[in-house]
S.K.: 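Okay, here's the structure, questions in a sec.
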2 protein chains.
Amino acid sequence: MAGQGGRRAGAARERLLAAALTLFARQGVSGTSLQMIADELGVTKAAVYHQFQSKDDIVLAVVGPAIDGLAGVIGPAEAQTTGARRRAVALRGLVDLIVRNRRLAAILYADPVVVDLVRTDPALRAYGERMKALLAGPEPDVATKVAVSVLGGGLAGAAVDPLLAGVDDATLHEHLLATGRRILRVRPGSGPHSAGCSAAVAIR
Amino acid sequence: MAGQGGRRAGAARERLLAAALTLFARQGVSGTSLQMIADELGVTKAAVYHQFQSKDDIVLAVVGPAIDGLAGVIGPAEAQTTGARRRAVALRGLVDLIVRNRRLAAILYADPVVVDLVRTDPALRAYGERMKALLAGPEPDVATKVAVSVLGGGLAGAAVDPLLAGVDDATLHEHLLATGRRILRVRPGSGPHSAGCSAAVAIR
DNA sequence: GTCTATACGCTGATAGAC
DNA sequence: GTCTATCAGCGTATAGAC
């Protein structure tokens, strides 16, 4: 389940991914050329192109761990016995994941190239649908569909917002969870104890 | 106040803007080259460059009417006498504006190039800050700042979401307003009667 | 396995002729 | 207003050196 993005290891490959993440976070995917990544590593463009078949490949590899994290949230959430619990566990796990990967959230969210990539990839697309299904429940009415849509955009937006960059993770997590519950009309008590979810995946 | 994006009129200019909006909405700003716009009009790239100094100029001109619409919301909202009313009027006006300009919202929102452009332009930036100030009130606590941030991303996200493309404007408006009130913890009764705001600006 | 050299077609942008 | 011509830079791609 882990590492569907290809994992041939190699030191150069890891260095490249680290540099790419830094540059992507700073100036977006579209705003980062292969030349910039190459310059950052002190090699030529072709050297970069040798390890990844395309720029999209690099993006997918950078984003991979977060996708694994999403899978780590979805699994336990789907195992819950009631719809309310599934919703509560999914929400908490999603907030958790986003807070822990704010920089990555900005990349995933703010760039249409990446959004398109994620929407195109069948496996990634399936994760998104399962997450939405968990949050919305079966056969949701329009109000619920709107709420889930707002939640998705809202969580991502908050993670990206430079005005919230100074807020520490714990505080952001608390308020994001509270806001999310208001959006979905979930009572704070719902869901089991602490819920064992989200396989860490703190990127950088 | 209207038309700060430059309004030399001219039939060719208007045709160009219409073509640009269509292409931007369909494939994003970054995904639309000047060549595509030129081809759509049956002219060369250089002809496009004669009317606009840069691609950014075109984007700003396309987005201009929506900015005017935002100004039309902010003014009346700031004229309200209490913080609660200012918040209520601003929220309703913002939802109104976004629902009426869904296609444009997708352009404004989903592309980091445009987001950057808007964030860079001092006048546009000021509108955004005034809107946030209206929604958050003076000296907001962290919870409120998070809520406003989530609201912004959420409204935009819902406007863009292809899953909600089939929902008609009135229904979307209703549920978006309800969700927004839950996010900001505004009671449905707040704010005066209907509130005269938002200068139409239905693009296309 | 890791890299360089080289090239293709495209982009946004500029200068100047008609 | 529109054209042709030209520019550096981009993502992409192949061939081949070590």
Side-chain angles (χ1 to χ4, degrees), chain A residues 3 5-24 26-63 107 111-118 120-121, chain B residues 5-24 26-63 107 110-118 120-121:
Chain A
R7 196 131 302 175
R8 315 250 175 300
R13 194 185 161 94
E14 293 305 318
R15 279 200 312 138
L16 199 157
L17 284 178
L21 174 59
T22 303
L23 291 173
F24 286 168
R26 194 187 305 151
Q27 51 208 331
V29 173
S30 302
T32 303
S33 69
L34 295 189
Q35 187 66 66
M36 293 175 189
I37 297 175
D39 289 351
E40 184 87 6
L41 297 169
V43 297
T44 61
K45 244 190 336 179
V48 171
Y49 196 79
H50 174 79
Q51 315 212 35
F52 295 90
Q53 288 187 329
S54 68
K55 193 181 182 183
D56 286 2
D57 257 38
I58 300 179
V59 174
L60 285 174
V62 166
V63 150
I107 297 174
D111 207 305
V113 176
V114 183
V115 171
D116 233 73
L117 212 61
V118 171
T120 302
D121 188 299
Chain B
R7 197 130 300 176
R8 314 254 176 299
R13 195 187 162 94
E14 292 306 318
R15 280 200 312 139
L16 199 157
L17 284 178
L21 175 58
T22 302
L23 291 172
F24 286 167
R26 193 188 305 150
Q27 50 207 330
V29 172
S30 302
T32 303
S33 68
L34 296 189
Q35 188 66 67
M36 292 174 188
I37 297 175
D39 288 350
E40 185 87 6
L41 297 169
V43 297
T44 61
K45 247 190 328 181
V48 171
Y49 262 103
H50 184 261
Q51 318 214 33
F52 295 91
Q53 289 187 330
S54 68
K55 193 181 182 182
D56 287 1
D57 257 37
I58 301 178
V59 175
L60 285 174
V62 166
V63 150
I107 298 175
D111 206 305
V113 175
V114 184
V115 172
D116 234 72
L117 210 61
V118 171
T120 302
D121 188 297

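Here is how names work: the chains are called A, B, and so on, in the same order as the sequence lines, proteins then strands, and each is numbered from 1. The basis for the numbers below is simple: all heavy atoms, side chains too, and nothing from hydrogens, waters or symmetry mates. Note that this is a predicted model, so its numbers are computed, not measured.
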S.K.: Find the distance A:Glu14:CD to C:dG1:C1' and express it as a whole number of Å.
M.R.: 15 Å
S.K.: Between B:Val29 and B:Val62, is the side-chain contact (heavy atoms from CB on, under 4.5 Å) condition met? List the steps.
M.R.: CA-CA 11 Å; B:Val29 172; B:Val62 166; over 6 Å; no
S.K.: Test A:Val59 against A:Ile107 for side-chain contact (heavy atoms from CB on, under 4.5 Å), laying out the working first.
M.R.: CA-CA 9 Å; A:Val59 174; A:Ile107 297 174; 5.6 Å; no
S.K.: Between A:Lys45 (side chain) and A:Ser33 (backbone), is there a donor-acceptor pair under 3.5 Å?
M.R.: no
S.K.: Excluding sequence neighbours, so at least two apart, what forms side chain to side chain contact (heavy atoms under 4.5 Å, CB included) with B:Leu23?
M.R.: B:Arg26, B:Gln27, B:Thr32, B:Met36, B:Ile37, B:Glu40
S.K.: Are the side chain of B:Tyr49 and the backbone of B:Gln53 linked by a donor-acceptor contact shorter than 3.5 Å?
M.R.: no
S.K.: Between the protein and nucleotides 11-14 of chain C, which nitrogen or oxygen pairs come in under 3.5 angstrom?
M.R.:
from   : atom 1 : to      : atom 2 : distance (Å)
C:dT11 : OP1    : B:Ser33 : OG     : 2.9
C:dG12 : OP1    : B:Leu34 : N      : 3.4
C:dG12 : OP1    : B:Lys55 : NZ     : 3.0
C:dG12 : OP2    : B:Leu34 : N      : 2.7
C:dG12 : N7     : B:Lys45 : NZ     : 2.9
C:dA13 : OP2    : B:Tyr49 : OH     : 2.4
C:dA13 : OP2    : B:Lys55 : N      : 2.9
C:dA13 : O5'    : B:Tyr49 : OH     : 2.8

S.K.: NE2 of A:His50 versus P of D:dC18: gap in Å, rounded?
M.R.: 16 Å
S.K.: Could you provide the dot-bracket string of DNA chain C, using ( ) for intrastrand pairs, [ ] for crossing pairs and | for bases paired to another strand, with Watson-Crick or G-U pairs below 3.5 Å?
M.R.: ||||||||||||||||||
S.K.: Between A:Gln51 (CD) and D:dT12 (C1'), how many Å, whole number?
M.R.: 16 Å
S.K.: What is the distance from CG of B:Asp39 to P of C:dC10, rounded to the nearest Å?
M.R.: 11 Å
S.K.: For the residue pair B:Ala61 and B:Leu17, what are the closest heavy atoms and their distance?
M.R.: CB-CD2, 3.6 Å
S.K.: Do B:Leu117 and B:Val63 have side chains that approach each other closer than 4.5 Å (heavy atoms only, starting at C-beta)?
M.R.: no
S.K.: Rounded to the Å, how far apart are B:Arg13 CZ and D:dT2 C1'?
M.R.: 16 Å
S.K.: Atom CG of A:Leu41 to atom C1' of C:dT4: distance rounded to whole Å?
M.R.: 16 Å
S.K.: Without decimals, in angstroms, what is the distance between A:Leu23 CG and D:dC10 P?
M.R.: 13 Å
S.K.: Is B:Phe52 close to B:Leu16 at the side-chain level, that is, under 4.5 Å between some pair of heavy atoms?
M.R.: yes
